[in-house]
Amino acid sequence: MKVRTNLTGGIVFLSFGSILMLLLESQVITYGKIHFLQSAKVSPFMAEIVMIVGGLLLIIQSLVFKKEKIVEIRWAEQKYAAIVIGIFALFATLIYFIGFLVGSIVFIVLMSIFNKNRNVIQIIMLCLLAIGIYLLFTQVFYVQLPTFWRR
Amino acid sequence: MFEVFPEIVEQLFTFTNLIYAVGGVILGIIIGSIPGLTVTLGIILLLPMTYGMDAIPSIVALLAIYVGGCYGGSISAILINTPGTNSALATTLDGYPLAKSGKSNKALSTSLFASSLGGLLGALILLFAAPPIAAVAMKFRSPEYFSLALFGLTVIAGVSGDNIIKGIISAFFGIFIACIGLEPLSGTLRYTFNSIALFGGISLLPALIGLIALAQVIIKSVEEKTITASQKKSEKYREELADPPINRREIRSIMKTILVSTGIGTIIGAMPGAGGGVAQFVSYNEARRTSKHPEEFGKGSLEGIAAAESSNNTVVGSAMIPLLTLGIPGDGVTAIMLGALILHGMEPGPKLFTDQAVETYSIILGLVFCNILLYILGRAFTKQISRVINIPYKILGVAISLFCFAGAFANSGNIWEMMLIVPLAIAGYFLGLLGFSVIPMMLGLILGPIVENNFSRSMIVYDNDLLIFFKEPISCTILIFAVVFTILIVRMNKQIEKRATEQAEKMAEE
């Protein structure tokens, strides 16, 4: 599928900026009499304005000036991306439920299946690396990583 | 500096700092030498590990990675015609032809010598140029700081890719992400959607890990899956580096080139948005223009390698000048360094040289020290490290992911922050597909709170006068400079892009 990146990006940020602008009053509540320029609203307001105006400019660039960068998005590639993202999401969930160490081993196995990596030595090396990272953080840098007995 | 010199020596020259500096330089060379791994990524991955450490060893270790990475990029550029980092692109022009003629070791030793000397001179320039600049900047108030932070955002012009509008949107998207959570001045909650997980906002480190590091793993993993077997095979490197290294006569012949390139690297590195990528090509062209043997350029000229490598390593020191004195990052890597300094309780700006003089001078001297280490370690380990180029991404990707998740959790010990890196990686991946660079986003994330803080202070002090930024002469001058620099950098980048495309086409033909 061929995607017109300026047009698509423009629509995405025009919509995103507009939605955030509509939410500004309900999501940034200031109390008392305070000038807008001194309030907590000014920064997100500016960011939203730039997203809206920038989005519009990208759409104009694409439709009026015909300045466009077309990218071919292949579903086969996006399928791989979706699988990697799914494995990441699963890894994050596993860390929460069974801890970093066990979660890492499951993650390494899943990524090896994804990469069709049947080299057992490489898989064992990666598992040792996971243990090494765990020990590095917990024993050297004194940062506790989650374990299944302590979340 | 001389008043605090005994304290600097006491704090800097410790065994622990030496270990961190050695480890950082070696890690930097390894990361830089692997195509697809960047210095930015290396620093992001190491940053969580520095939490439990003091500011000096942490920043010295991160700078060591930066120094090592700049040289490391030339290893794969010379050996397999694929630059490990963007700033090593010009090195391929002469490095690879020289390696093809059986002089890999000569090319690598030239690169190492030029990198170390250029880096060392850049660090010394930082040491002597930064304090006077900081002394001038001491007179700055909130309008000037606001203008300076805006000036810092001109980096966007240099890192936006082919569309500056996308770069600006990306930066303000980063500023928006930085707005989420509790606003520090008034205590107002912003865009938390009543979720406790968002009350504290999105911390800088998980955002960097998700948007840059993990998104990069997705991109590279997909690339690896789709790359053909024949392409993978051709990348394998096997060579013994048995030829003699650069000799004294050759060193003398490239000294003038190194000194000129160091000057160019210093000026370009101190400009926001330019960085090593621009400096290498400007220096290379200047070296060819003034060389006695211009016909050798592109065919394995030692001057060509020296020009590219000395200038990109000089940038490490010179990019730290605006960062430490004014709080303006010169490029993507120094933007992360700004974040790292803030995380370690140091606020870059002129006060750094008076309030935290010991730490600041220790870091600068640490950079000098890292460049000396680079030469020693480069000579000892380049041969071994060059084997790392062959490590497949299916191994590296998994290893990087493990560091990403561990690092994101270590940031605050909050499991939600660690989980947040997955949606951020998805956002980074899809925005990348649409041509939005994540580097401006990162700049927005880091500079956003500084811009906001100084804007709010200016509005309070100057009674909501928006024109104050133009009424104050220094602030107005900085804003004019910001506009001039943006135009200049856009023009320069177009020329560099043209040159890089030509080089990429040449590499593809070969």
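By convention in this document, chain letters (A, B, ...) are assigned in the order of the sequence lines, proteins followed by strands, and residues within each chain are numbered from 1.
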[X] versus chain B, heavy atoms under 4.5 Å apart: side chain, backbone, both or neither?
X        : value
A/Phe107 : side chain
A/Ile73  : side chain
A/Asn119 : neither
A/Phe36  : neither

Close side-chain approach of [X] to [Y], heavy-atom, < 4.5 Å:
X        : Y        : result
B/Phe455 : A/Leu37  : yes
A/Asn117 : B/Ile395 : yes
B/Glu183 : A/Ser43  : no
A/Tyr96  : B/Met418 : no
A/Gln78  : B/Leu433 : yes

Got a second to check how far A/Phe13's CZ is from B/Ser170's OG, nearest 0.5 Å? 6.5 Å

Nearest 0.5 Å, what's the OH-CD distance between B/Tyr191 and A/Gln27? 7.5 Å

Answer key: most heavy-atom pairs under 4.5 Å with chain A among B/Phe173, B/Phe193, B/Phe430 is B/Phe193

Of all of B/Ala406, B/Ala171, B/Cys404, which one pairs up most often with chain A through heavy atoms under 4.5 Å apart? B/Ala406

Checking B/Phe436 against chain A: side chain, backbone, both or neither under 4.5 Å from a heavy atom? side chain

Below 6.0 angstrom between ring centroids: does that apply to A/Phe137 and B/Phe409? no

